[in-house]
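Here the structure comes first, spelled out in structure tokens, and everything after it is commentary.
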Amino acid sequence: MNRIADEKGNHVQDIFGEDVFNESVMMKRLPKKVYEKLKRAIDEGSELSPEVADTIAHEMKEWAMERGATHFTHWFQPLTGVTAEKHDAFISAPMADGRVLMSLSGKELIKGEPDASSFPSGGLRATFEARGYTIWDSTSPAFIRRDEGGALLCIPTAFCSYTGEALDQKTPLLRSMEAVNREALRLVRLFGNRTAKKVIPYVGAEQEYFIIDREKYLKRMDMVFTGRTLFGAAPPKGQELDDHYFGTLRPRIAGFMHDVNEELWRLGVPAKTQHNEAAPAQHELAPIHEMANVAVDHNQIIMQTLKRTATRHSLRCLLHEKPFEGVNGSGKHNNWSLVTDEGVNLLDPGKTPHENIQFLLVMTCILRAVDRHADLLRESAADVGNDRRLGGNEAPPAIISVFLGEQLEDVLEQLVSTGHAEGVKKSGTLYTGVSTLSDISRDATDRNRTSPFAFTGNKFEFRMVGSRDSVAAPNVVLNTIVAEAFRDACDELEAAGPEGFDNCVHDLIKRYAAEHQRIVFNGNGYSESWVTEAKRRGLPNLPSMVDAIPALTSERAVRLFGDFGVFTPKELTSRMEIKYETYSKDINIEARTMLEMFTKLLQPAMFKGARQLSDCVNSLKQAGIDTSVQLEILEELGELIREASSARKELLSAMKNAENCIGGRAQAASYRDNVVPAMEKLRKPVDRAEMLIDKELWPVPTYADLMFEI
């Protein structure tokens, strides 16, 4: 077999997964009976005895030490938006001869005990209630992370409180995966599949990001503290020529991407696609689809690897959804499908989707799920930075709709009008008109980049997620709402019995298609007419994070998550409180940073610019030269200084009022309605002033410096 090697002689096939304690490693290192018991625990959820856990832990430790690791950590995902870890050495106890014993016990592998009160809990944990637990997720393989601190064994875990509530992203995700597996198995059994043991949600998360020079980044207080520019005039050239998208990689970026890929491959992350995105300095990385909880873990690894590798290249990776005004922001496309352990994709329509009854039922169940819980799906992508992106001509609108494409929409309309579909639009052939180019098979439908939830051949692509967010939350929602739709359908089909199955399944497909056709929209999601049409259809429009958060604790959401054991009412309430608090804190940090940056850096620069112009006017007057142009600019700059000074006072007042609000929702709403507009009001005159002042006087790198000089 041919092997692809880089210039260092590393073969991709040889290095892929070399730092992962994966199935092949376990098969080689674990005793056969131990491996079989672990495999059963992974596949079926059975318990591991202390003896088996000790054996696994010992072999994992030996493997890690052979690769240079001296420490291990329970690697988990609290509700902070980033991962967390506490490092413990393998050192167990000094021996009598002065040497030290190195060990990892089964108990240490399975359970850790971080301080739960120091992480966001939304009231589930008080300061004096510190105990929490991390629990090994055996379905996601342990791995070795290498950085300046050496090699570290990372053990993926869930994180819960002493009283059992989920304090992380992983626990509800695993619960939701079990829920959709249970109900999807019921469905495939009804269609005659007796051999599948599991239905697994698969996810592929495309990651967008910006790369800028690290030295310039460090000169921008706003980027350091908030991840985005709070001030900045548009450069002469942006993305209007569309010349950056898929353009040739600049050498410095190519070198960075090479190292990112190599590190990800060593960690078993199947990084496949890389390219320039639409905006200057913006790029994308996409992996191959994997089991949902592994894909969530791998996306966290991708984000961490992008950041660490950028630092080694004297670059900075920006994951904020909107680091620069006036150009495209960054998102994360969450590609979701359901696949049996036998490799059958339930979302594959086949060549004749109108005759694929199981697919039609699955599709209409998903339409039902998205229509019934559009607010929850929207909330799962709610983020402070995403508020600056959703609805612009760069991302889906905040209104949830489903794009099916011409072929499936035609099938749906036939089902609604007649109760059955007689045929389907064919894909056909694409003729280029060039004799030396092959005629190619054309897809049955076009794509729609304005749709937040689009069917793309054999999966649904949720395009609304923010670039720095975990993809756990949207997949928790997707898994659970689809589990509910499958449950309701299976209840009716099982009640109908074998004799009534055919009639019942056709009735269900027609009814679901008719009742939830309103969620299907194949048109331009950016148009104002769609906002009006969506309102007419009764679809929710939740433009901001603050608007979306209440969906978490609605009566319907509490019932949904409770029915499937994904969230308790207390867990939902805690997440609601955390999100309100996060919104307020994020905006408060941005506002405080803006005030400090303006007061200490930009306002003095505006004064210097005015003084420079004034000195210029005086010199020209003494020389008898006309100063009308300079006086006009000086007058404009003076007005901008006055306008900015007034806006600063308004922002201070808005912040004080917001800080005095009582209650999470009230405070978040005050930040949204008063502080955010006041920040925009301060930014406007400062950005205009930047265009009038000598560049040598401007104290921070400009947009042109940041986006084009790499």
Side-chain angles (χ1 to χ4, degrees), residues 210 212-241 244 279-282 316 318 320 322-329 385 388 392 589-617 627 629-652 675-710:
F210 280 81
I212 62 172
D213 182 82
R214 186 169 183 268
E215 185 178 347
K216 294 184 176 71
Y217 160 84
L218 292 173
K219 293 178 180 178
R220 295 277 318 205
M221 182 190 303
D222 47 0
M223 301 189 95
V224 171
F225 288 123
T226 73
R228 75 179 183 97
T229 53
L230 300 173
F231 297 99
K237 177 180 181 290
Q239 64 187 62
E240 57 269 38
L241 295 180
H244 188 260
Q282 188 184 33
R316 180 69 185 184
L318 304 177
H320 194 284
K322 194 71 172 179
F324 301 104
E325 287 297 311
V327 299
N328 278 14
R388 309 190 65 82
I589 290 170
E590 287 190 352
R592 288 167 59 193
T593 302
M594 190 175 214
L595 287 168
E596 184 168 346
M597 190 174 178
F598 171 70
T599 304
K600 295 183 177 180
L601 293 173
L602 304 184
Q603 189 178 49
M606 294 165 74
F607 291 154
K608 289 178 183 177
R611 186 162 57 248
Q612 184 186 64
L613 273 170
S614 179
D615 291 344
C616 177
V617 168
T627 60
V629 173
Q630 289 80 2
L631 285 170
E632 185 178 331
I633 296 173
L634 182 59
E635 183 178 344
E636 181 180 356
L637 184 56
E639 180 56 37
L640 292 175
I641 290 172
R642 287 188 290 272
E643 186 180 333
S645 178
S646 175
R648 173 184 171 276
K649 294 176 183 177
E650 288 186 34
L651 178 55
L652 283 168
V675 176
V676 170
M679 290 171 64
E680 293 300 321
K681 194 169 183 180
L682 174 56
R683 175 173 187 157
K684 192 174 179 180
V686 176
D687 287 356
R688 291 207 306 270
E690 181 187 328
M691 304 303 294
L692 300 178
I693 293 174
D694 188 336
K695 181 174 170 57
E696 296 300 319
L697 295 179
W698 202 248
V700 297
T702 65
Y703 272 25
D705 299 329
L706 294 167
M707 291 193 292
F708 291 95
E709 295 182 10
I710 298 178

* Residue Tyr217 excluded, over 12 heavy atoms near OH under 6.0 Å -> yes

* Heavy-atom closest contact (Tyr703 atom, Phe231 atom, distance) -> CE1-O, 3.8 Å

* To do: For the pair Arg228 and Glu590, find out whether any cationic side-chain nitrogen is under 4.0 Å from an anionic carboxylate oxygen.
  => yes

* Look at the side chain of Arg683 and the backbone N and O of Gly232, then say whether any donor-acceptor pair between them is shorter than 3.5 Å. => yes

Under 3.5 Å, which donor-acceptor pairs do the side chains of residues 605-615 form with other protein atoms, sequence neighbours left out?
none

* Asked: Does NZ in Lys649 sit with more than 12 non-hydrogen atoms of other residues, nucleotides or ligands closer than 6.0 Å?
  -> no

* Where the side chain of Arg648 meets the backbone of Leu595, is there a donor-acceptor pair that is under 3.5 Å apart? -> no

* Counting only heavy atoms not in Glu639, do more than 12 fall under 6.0 Å of its CD? -> yes

* Would a distance-only check, ignoring hydrogens and angles, find a side-chain to backbone donor-acceptor pair under 3.5 Å from Glu709 to Ala704? -> no

* Start with the C-alpha distance between Lys684 and Glu643, add both sets of side-chain angles, then the distance that settles salt bridge (charged side-chain N to carboxylate O under 4.0 Å, His left out), and finish with yes or no. => CA-CA 9 Å; Lys684 192 174 179 180; Glu643 186 180 333; over 6 Å; no

* In chain order, what residues pass the side chain to side chain donor-acceptor pair (under 3.5 Å) check against Asp705, with sequence neighbours excluded? -> Lys695, Thr702

* **Under 3.5 Å donor-acceptor, Thr593 side chain and Ile589 backbone** => yes

* Structure fact -> Minimal heavy-atom distance between Lys219 and Pro701, with the atoms involved, is CB-CD, 3.6 Å

* **Inter-residue atom distance Asp687.CG - Glu325.CD, 0.5 Å rounding** => 8.5 Å

